[in-house]
Amino acid sequence: MSEKLRAGILGATGMVGQRFISLLENHPWFEVTLVAASPRSAGKSYEEAVGGRWKMTTPMPEAVKKMIVKNVNDVKEIASQVDFVFSAVDMTKDEIRAIEEEYAKAEVPVVSNNSAHRWTPDVPMVVPELNPEHMEVIEFQKKRLGTKRGFIAVKPNCSIQSYAPLLVAWKEFEPTEVVATTYQAISGAGKTFKDWPEMVENVIPYIGGEEEKSEQEPLRILGKIENGVIVKADSPKITTQCIRVPVLNGHTAAVFINFAKKPTKEQLIEKMVNFKGLPQELNLPSAPKQFIRYMEEDNRPQVVLDVDYENGMGISIGRLREDNIGLFDYKFVGLSHNTVRGAAGGAVLCAELLKAKGYI
């Protein structure tokens, strides 16, 4: 590609915004040309606005340090300077819905990490390997918004990434019931241990809103477009518990599952390790070569050893075995990187697919 697309980052000073900046450094298709944040950060250099709150383990890229932070509310000015934006703004849901739609109506494609539009009927909520066909709803959304190129696309919650991919990889066996307990890292709340010392050696058995998202969002991913909107699937039935644990990055899930057509363990492993999606077929820049891997060792996957698999874009599965009391067919453990695959990296992959399909 001769010229890179100009990407703006809304909410650039927060943890997910920082992750976007780290992931997009040296990206072959996209270049961060604009950073925007709240009015209190506007007018400062990015380095000054972030101050001592840089939360990535890699240094702040030189290319963004001196960029002057724009006021995220200056939609028309920003729209004139970018080809599309990534949204990671920290506002109320109503405010996020309004401002993302304002950008779309200003003819700027919006690829959002936020949850505000995940249930807007004509907004695709996409894991690129799982439901790329949902992007076709964008044409209906554009008609509603009255736009030629402006639209909103979102990625789902970070908590579902370690088990929802298997519901697609194992679709032919017809999953009917899923019980999942997620053990979620503190970066999912935008925190480090320095910010949140109460989490050291602690477990909190509640994360506001997470269980509803974890139970419902996979069904939207499995749904279909009907009459210009996405209609969620009615199966499998999913129930979850979401627990905050003293881990910086990496969401682990312990999952029990039933099938209408019970497979063998060997069939399940074969389907997951050979599962490929459109990102792999198109060889998109951020796509993992192997999306899902299976680990035979009893003590894997582990956060410390495995969270960065495929640069944080792959899913690691282990301990697949039959349920010994017969209430479920199988149980397994999954691990995904919550701020890479589950947040900024997933959104970057969405943008790559949108570019490949001609939407951006």
Side-chain angles (χ1 to χ4, degrees), residues 127-132 156-185 214 218 221-222 236 238 240 245 247 249-281 283-284 286-342 345-346 349:
V127 176
E129 287 88 350
L130 306 186
N131 60 331
N157 198 44
C158 54
S159 65
I160 72 171
Q161 309 283 336
S162 50
Y163 59 92
L166 295 168
L167 301 180
V168 178
W170 295 340
K171 199 169 184 179
E172 70 182 80
F173 306 121
E174 299 177 16
T176 57
E177 294 162 314
V178 175
V179 175
T181 301
T182 57
Y183 303 89
Q184 300 188 203
S214 299
I221 288 169
L222 294 168
I238 303 172
T240 65
V245 294
V247 165
N249 292 310
H251 286 357
T252 299
V255 183
F256 294 79
I257 188 165
N258 273 331
F259 298 96
K261 301 173 180 175
K262 187 174 177 181
T264 65
K265 177 179 175 178
E266 290 71 26
Q267 285 176 310
L268 292 175
I269 292 172
E270 187 269 329
K271 289 296 179 187
M272 79 168 90
V273 300
N274 291 315
F275 181 78
K276 285 183 169 56
L278 202 50
Q280 285 72 37
E281 292 173 23
N283 198 26
L284 297 179
S286 299
K289 293 290 182 276
Q290 183 170 348
F291 179 32
I292 308 170
R293 69 166 167 179
Y294 184 69
M295 311 192 77
E296 297 283 356
E297 302 92 331
D298 286 339
N299 63 349
R300 304 285 285 276
Q302 290 181 31
V303 169
V304 171
L305 299 175
D306 302 314
V307 74
D308 292 320
Y309 168 62
E310 289 276 18
N311 298 313
M313 291 296 287
I315 312 297
S316 298
I317 304 296
R319 305 206 67 214
L320 177 67
R321 60 219 192 275
E322 291 193 40
D323 177 33
N324 63 334
I325 62 171
L327 290 175
F328 289 87
D329 292 330
Y330 288 94
K331 51 191 174 182
F332 65 90
V333 174
L335 171 67
S336 60
H337 197 307
N338 56 294
T339 67
V340 182
R341 167 55 76 166
L349 188 59

| field | Any Leu349 side-chain heavy atom under 4.5 Å of Leu284 side chain | value | yes
| task | Measure the OH-CZ distance between Tyr309 and Arg341 for me, rounded to the nearest 0.5 Å. | result | 10.5 Å
| task | State, to 0.1 Å, how close Gly334 and Pro301 come at their nearest heavy-atom pair, and which atoms those are. | result | C-CG, 4.5 Å
| field | Gap separating the CG atom of Leu320 from the CD1 atom of Ile257, nearest 0.5 angstrom | value | 9.5 Å
| field | Value rounded to 0.5 Å, distance of CG in Asn338 from CG in Asn157 | value | 10.0 Å
| said: For Asp298, is the CG atom crowded, meaning more than 12 foreign heavy atoms sit under 6.0 Å from it? | reply: no
| What distance separates Ile160 CD1 from Ile221 CD1, expressed to the nearest 0.5 Å? | 3.5 Å
| field | Side chain proximity check, Pro288 to Gln280, heavy atoms < 4.5 angstrom | value | yes
| task | Apply the side chain to side chain contact (heavy atoms under 4.5 Å, CB included) test between Gln290 and each candidate in Ile315, Val273, Asn274; give the one that qualifies. | result | Val273
| said: If you count heavy atoms of other groups shown closer than 6.0 angstrom to CG of Asn311, is the number above 12? | reply: no
| query | Can you list the steps and then say if Gln161 with Val127 is a side chain to side chain contact (heavy atoms under 4.5 Å, CB included)? | reply | CA-CA 9 Å; Gln161 309 283 336; Val127 176; 4.0 Å; yes
| query | Looking at NE2 of His251 and NE2 of His337, how far apart are the two atoms once the value is rounded to the nearest 0.5 Å? | reply | 10.0 Å
| query | Between CD1 of Ile292 and CD1 of Ile269, what distance do you get to the nearest 0.5 Å? | reply | 12.5 Å
| query | Within a strict 4.5 Å, meaning less than it, do heavy atoms of the Phe275 and Lys171 side chains meet? | reply | no
| Evaluation steps, side chain to side chain contact (heavy atoms under 4.5 Å, CB included), between Asn249 and Val303 | CA-CA 8 Å; Asn249 292 310; Val303 169; 5.9 Å; no
| task | State, yes or no, whether a side-chain contact exists between Leu268 and Phe173 at a heavy-atom distance under 4.5 Å. | result | yes
| Taking every non-hydrogen atom, the tightest pair across Pro132 and Leu278 | CB-CD2, 4.0 Å
Side-chain donor-acceptor distances from residues 324-331 under 3.5 Å, at least two apart:
from	atom 1	to	atom 2	distance (Å)
Asp329	OD2	Phe259	N	2.8
Tyr330	OH	Pro263	O	2.7
Tyr330	OH	Lys265	N	3.1

| field | Leu335/Tyr183 under side chain to side chain contact (heavy atoms under 4.5 Å, CB included): CA gap, chis, key distance, verdict | value | CA-CA 9 Å; Leu335 171 67; Tyr183 303 89; over 6 Å; no
| field | Distance-minimising heavy-atom pair for Thr182 and Ala253 | value | CG2-CB, 4.1 Å
| message | For a 4.5 angstrom cut-off between non-hydrogen side-chain atoms, does Ser214 reach Tyr163? | response | yes
| field | Beyond-backbone contact of Arg293 with Ser316, side-chain heavy atoms, under 4.5 angstrom | value | yes
| task | Determine which pairs satisfy salt bridge (charged side-chain N to carboxylate O under 4.0 Å, His left out) with at least one residue from residues 308-322, sequence neighbours left out, and list them in order. | result | Lys262-Glu322
| query | Under the criterion side-chain hydrogen bond (donor to acceptor under 3.5 Å, both in side chains), which of Gln267, Lys271, Lys261 is the partner of Glu172? | reply | Lys271
| said: Are Val168 and Leu222 packed together at the side-chain level, in the sense that at least one heavy-atom pair is separated by less than 4.5 angstrom? | reply: yes
| side chain to side chain contact (heavy atoms under 4.5 Å, CB included) assessment of Val247 paired with Gln184 | CA-CA 8 Å; Val247 165; Gln184 300 188 203; over 6 Å; no
| query | Side chains of Ser162 and Thr252: closer than 4.5 Å at any heavy-atom pair? | reply | no
